[in-house]
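Comments concern the structure below.
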Amino acid sequence: MDFKIKVAELFTQVENELSLEEALTLIEIPPSQDMGDYAVPCFKFAKKYRKSPAVIASEIAEKFGTIEEFERIESAGPYVNFFVDKKHFVEKILKEAFKEKENYGSTNIGKGKSVIVEFSSPNIAKPFHIGHIRTTIIGNSIYKIFNYLGYNTITINHLGDYGTQFGMLISAYKKWGTPEIVEAIEKNPIQELLKLYVRYNKEIETHPEYKEEARYWFKELETGNEEAHRLWTWFREVSLKEFNRVYDMLNIKFDSYAGESFYSDKMPLVMEELEDKCLLKDSEGAKIVELQQYGLTDAVVQKSDGSTLYVTRDIAAAMYRKKTYNFYKNIYVVGAPQKLHFEQWRKIIELMGYEWAEDCVHVMFGTVSLEDGVLSTRQGRVVFLEDVLNKAIEKTMDIINERNTNLENKELVAKQVGIGAVIFQELFNNRIKDYMFSWDKTLSFEGETGPYVQYTYARTCSLLRKGEVEIDDNVDYSILTDKEAFNVIKKIEGFKAAVLGAHDKYEPFFITRYIVSLAQEFNRFYHECPIVVEDIEVKKARLLLTKTVNNVLKKGMELLGMETPERM
RNA sequence: GCACCUGUAGCUCAGUAGGAUAGAGCAGUGCCCUCCUAAGGCAUGUGCCGGGGGUUCGAUUCCUCUCAGGUGCACCA
């Protein structure tokens with residue numbers, strides 16, 4: 001980064017009308033190595049000097065004398081190309097990384113600021129399936145990234161634990177809840193509760209009165225009927241226990257499980273406030289907030305039967321969170337189909353006069369589908385998240401048994417690598433892309449994959465063990481100016497930018513792409529340059545580089561939510 | 001009908017706040033373990049960057065129209 005600033009400074013010296021900021025925006029990274037490390041195109045100056053950009057570039061390049069940080073500065077066509085002094089560069093980057101250790105890549109931009117990340121949020125009594133993988137893994141990574149940058153982070157699992165569906169479940173249980181069913185639910189909660197739910201929905205067709213009964217029980221639940229509450233609590237607990245199995249596998253923890261039910265008593269106040277602020281309109285018995293003038297569709301905030309809706313609850317939740325946590329950002333990791341909902345919700349909060357509406361962000365992502373169509377719980381088109389993780393672990397175990405039979409902790413490593421592969425895959429592309437779930441892709445471990453990065457990391461660990469020297473930054477840096485080492489170090493320099501990019505755009509894939517490319521560069525270096533060698537100076541220098549790569553890969557994987565096995 | 005998202009190599013995708021010959025992985029082919037972990041490295045081919053117009057010295061990138069796929073549009077969440 002500092003070298004880039006240096007380039008900008010040099011440029012402002014020869015072009016004194018240029019501000020440092022302007023100069024910085026002009027700087028580019030040349031497409032090819034032999035064009036230098038930084039470049040400034042001169043098209044912009046053509047008008048001013050009435051000369052061709054190529055002539056300007058060569059004139060500018062000549063104005064620079066010898067400069068310590070740069071090996072040479074020369075023009076190539078309309079560009080001025082800067083070649084950094086390799087030794088200088090290498091030394092600066094590695095010393096910095098060595099000094100900052102596991103904080104290399106972090107900055108303190110989040111100090112004193114609280115950020116809420118709401119993610120995962122499965123529905124109680126419904127399967128935790130492949131459709132939940134995205135919010136869960138993306139959300140966890142965003143939390144880790146913000147946490148690393150010094151923010152005070154709060155993770156919230158906004159459980160879907162409220163609504164008429166629970167009236168149905170309670171009613172169904174009261175009808176068919178034999179001791180055998182109780183036992184089955186304890187053993188296999190989600191599947192059995194889902195069965196009850198599906199059966200109830202089916203029987204509504206022949207027994208229309210069931211619909212009324214479900215509503216009755218939901219009302220009872222709301223008004224504090226003891227039995228209803230006891231059943232609801234039980235459903236919630238057994239479901240959560242099952243979800244926690246997956247969270248444990250993924251190593252995910254939440255600070256709060258305040259779900260929909262948590263806000264159920266906070267709705268009247270929201271309605272009152274909307275009323276006071278003259279935002280409500282009656283429409284066919286329902287209460288709405290008109291939003292058409294803002295290019296949105298009107299939002300229903302209260303049904304004609306008086307009960308509230310999703311948006312109303314989210315407004316209550318946002319207000320509660322502002323009051324409780326005084327957030328700097330309130331992040332919702334929820335699928336793209338809910339874009340309109342979040343736009344309406346944000347607009348309403350804004351209309352209520354809360355400036356912090358702009359601090360609420362919807363981090364959306366594309367939809368997962370299956371090869372045989374859209375996911376559908378009812379139609380049995382589900383892939384359970386737990387099955388995906390377990391299959392990935394199994395496959396990893398097979399590979400380990402094939403190739404490394406004397407590895408210790410095989411089970412642990414298989415778990416770390418298998419799950420790492422799934423996480424990595426999920427965070428490899430731009431969030432917004434839709435994708436089709438495929439076992440082949442999920443279970444492929446070659447090329448740009450999680451195992452590839454973990455393998456490279458394990459390789460660095462192995463080298464550090466075999467090196468048997470104390471790593472310090474007092475080495476002969478000229479050893480690291482060859483092409484392969486230099487490329488690795490240039491890559492290392494980019495870590496900070498990758499983390500910041502991921503932060504700014506709420507896009508973990510900046511980090512995913514980054515660590516894969518770092519691993520690639522390191523593997524090239526590894527194949528070209530023997531590291532653990534007789535010559536102690538060469539060994540020390542190359543091991544310092546190895547150690548730095550080791551640190552960055554480890555931190556990068558951690559930010560994605562992956563484990564980092566030291567042998568595999 | 002209206003709105004939003006996506007469209008780049010056979011497949012899956014990158015493409016850095018418009019710039020120098022558009023890049024990776026997979027799949028295919030051929031090399032490299034007497035050498036630090038071969039889940040690795042090297043070599044090799046592939047592109048009307050969906051299409052038309054426009055802005056610009058310069059467009060995969062910005063604007064506009066258009067085609068294709070996906071998603072959302074009031075009492076589900």
Side-chain angles (χ1 to χ4, degrees), chain A residues 25-26 28-32 35 39 41 43-44 46-47 52-53 76-79 81 121 123 158 160 162-165 260 283-289 295-311 313-314 334-341 343-344 364 366-367 369 374 396 399-400 402-404 407 417 421 425 428-430 432-436 438 440-441 444-456 458-459 461-463 465-467 494 497-498 501 509-510 513 516-517 519-520 523-533 539 542 546 567-568:
Chain A
T25 62
L26 285 178
E28 295 170 8
I29 310 291
S32 154
M35 295 173 180
F43 303 100
K44 296 268 184 326
K47 246 178 209 152
S52 83
Y79 292 88
N81 290 339
S121 313
N123 287 325
H158 191 74
Y162 207 65
T164 40
Q165 50 176 335
E260 288 163 9
S283 175
E284 295 165 37
K287 302 234 185 250
I288 65 165
V289 177
L296 300 166
T297 50
D298 296 340
V300 180
V301 291
Q302 190 182 79
K303 296 193 237 177
S304 39
D305 70 0
S307 56
T308 54
L309 286 123
Y310 188 31
V311 219
R313 258 167 260 162
D314 267 354
V334 182
Q338 301 200 43
K339 188 167 187 263
L340 178 61
H341 163 259
E343 282 173 350
Q344 293 176 320
M364 59 185 174
T367 309
S369 58
V374 185
T396 311
I399 295 173
I400 291 172
E402 259 171 48
R403 57 191 305 279
N404 196 349
L407 182 70
V417 175
Q425 173 68 36
F428 192 61
N429 293 330
N430 199 316
I432 199 66
K433 301 263 182 184
D434 293 340
Y435 71 83
M436 185 112 77
S438 110
D440 279 356
K441 203 168 178 204
S444 82
F445 294 165
E446 274 158 33
E448 297 168 326
T449 63
Y452 173 83
V453 178
Q454 284 172 322
Y455 183 80
T456 308
R459 178 176 265 174
C461 290
S462 164
L463 290 165
R465 282 192 300 268
K466 292 208 164 129
F509 99 118
F510 282 104
R513 296 272 168 176
V516 134
S517 61
Q520 282 169 338
N523 281 327
R524 280 180 204 128
F525 168 70
Y526 172 86
H527 279 275
E528 290 303 316
C529 311
I531 294 161
V532 183
V533 289
K539 182 162 98 168
R542 289 184 174 160
T546 303
R567 294 172 205 259
M568 65 184 269

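Per chain, numbering begins at 1; letters A, B, ... match sequence-line order.
Straight-line distance between the C1' atoms of B/U55 and B/G18: roughly 11 Å, to the nearest whole Å. Nucleotides B/A59 and B/C31 place their C1' atoms 41 Å apart, quoted to the nearest Å. Annotation: B/U44 and B/A27 have their C1' atoms spaced 14 Å apart (nearest Å). Comparing the P positions of B/C63 and B/C26 gives an interatomic distance of 35 Å, to the nearest angstrom.
As judged by a 4.0 angstrom heavy-atom cut-off over every strand, A/L340 is placed among residues touching the sugar-phosphate backbone only. Across all strands shown, A/T25 has heavy atoms under 4.0 Å from base atoms, whether or not it also approaches the sugar-phosphate. Residue A/C461 is out of contact with every strand shown, counting any heavy-atom pair closer than 4.0 Å. When heavy atoms are screened at a 4.0 angstrom cut-off, A/N81 is found touching base atoms of the nucleic acid.
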Reading nucleotides 54-63 of chain B 5' to 3', which nucleotides get B (base under 4.0 Å from a protein heavy atom), which S (sugar-phosphate only), which -? ---B------

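Each of A/G163 and A/E28 has a nearest nucleotide on RNA chain B; the 5'-most of these lies closest to A/E28. Take the nearest nucleotide of RNA chain B for A/E448 and for A/G285: the residue whose nucleotide is more 5' is A/E448.
The base of B/A20 has none of its N or O atoms less than 3.5 Å from a complementary donor or acceptor on the side chain of A/S32.
With rounding to whole Å, A/I29 atom CD1 is found 18 Å from B/U21 atom C1'. Between the CE atom of A/M35 and the P atom of B/U21 there is a distance of 7 Å, rounded to whole Å.
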Between protein and nucleic acid, restricted to nucleotides 40-43 of chain B and to nitrogen or oxygen atoms under 3.5 Å apart, what atom pairs and distances do you find?
unit_1: B/G40; atom_1: OP1; unit_2: A/G447; atom_2: N; d: 3.2
unit_1: B/G40; atom_1: O2'; unit_2: A/R459; atom_2: NH1; d: 3.0
unit_1: B/G40; atom_1: O2'; unit_2: A/H527; atom_2: NE2; d: 2.9
unit_1: B/G41; atom_1: OP1; unit_2: A/Y452; atom_2: OH; d: 2.8
unit_1: B/G41; atom_1: O4'; unit_2: A/H527; atom_2: NE2; d: 3.0
unit_1: B/C42; atom_1: OP1; unit_2: A/R524; atom_2: NE; d: 2.7

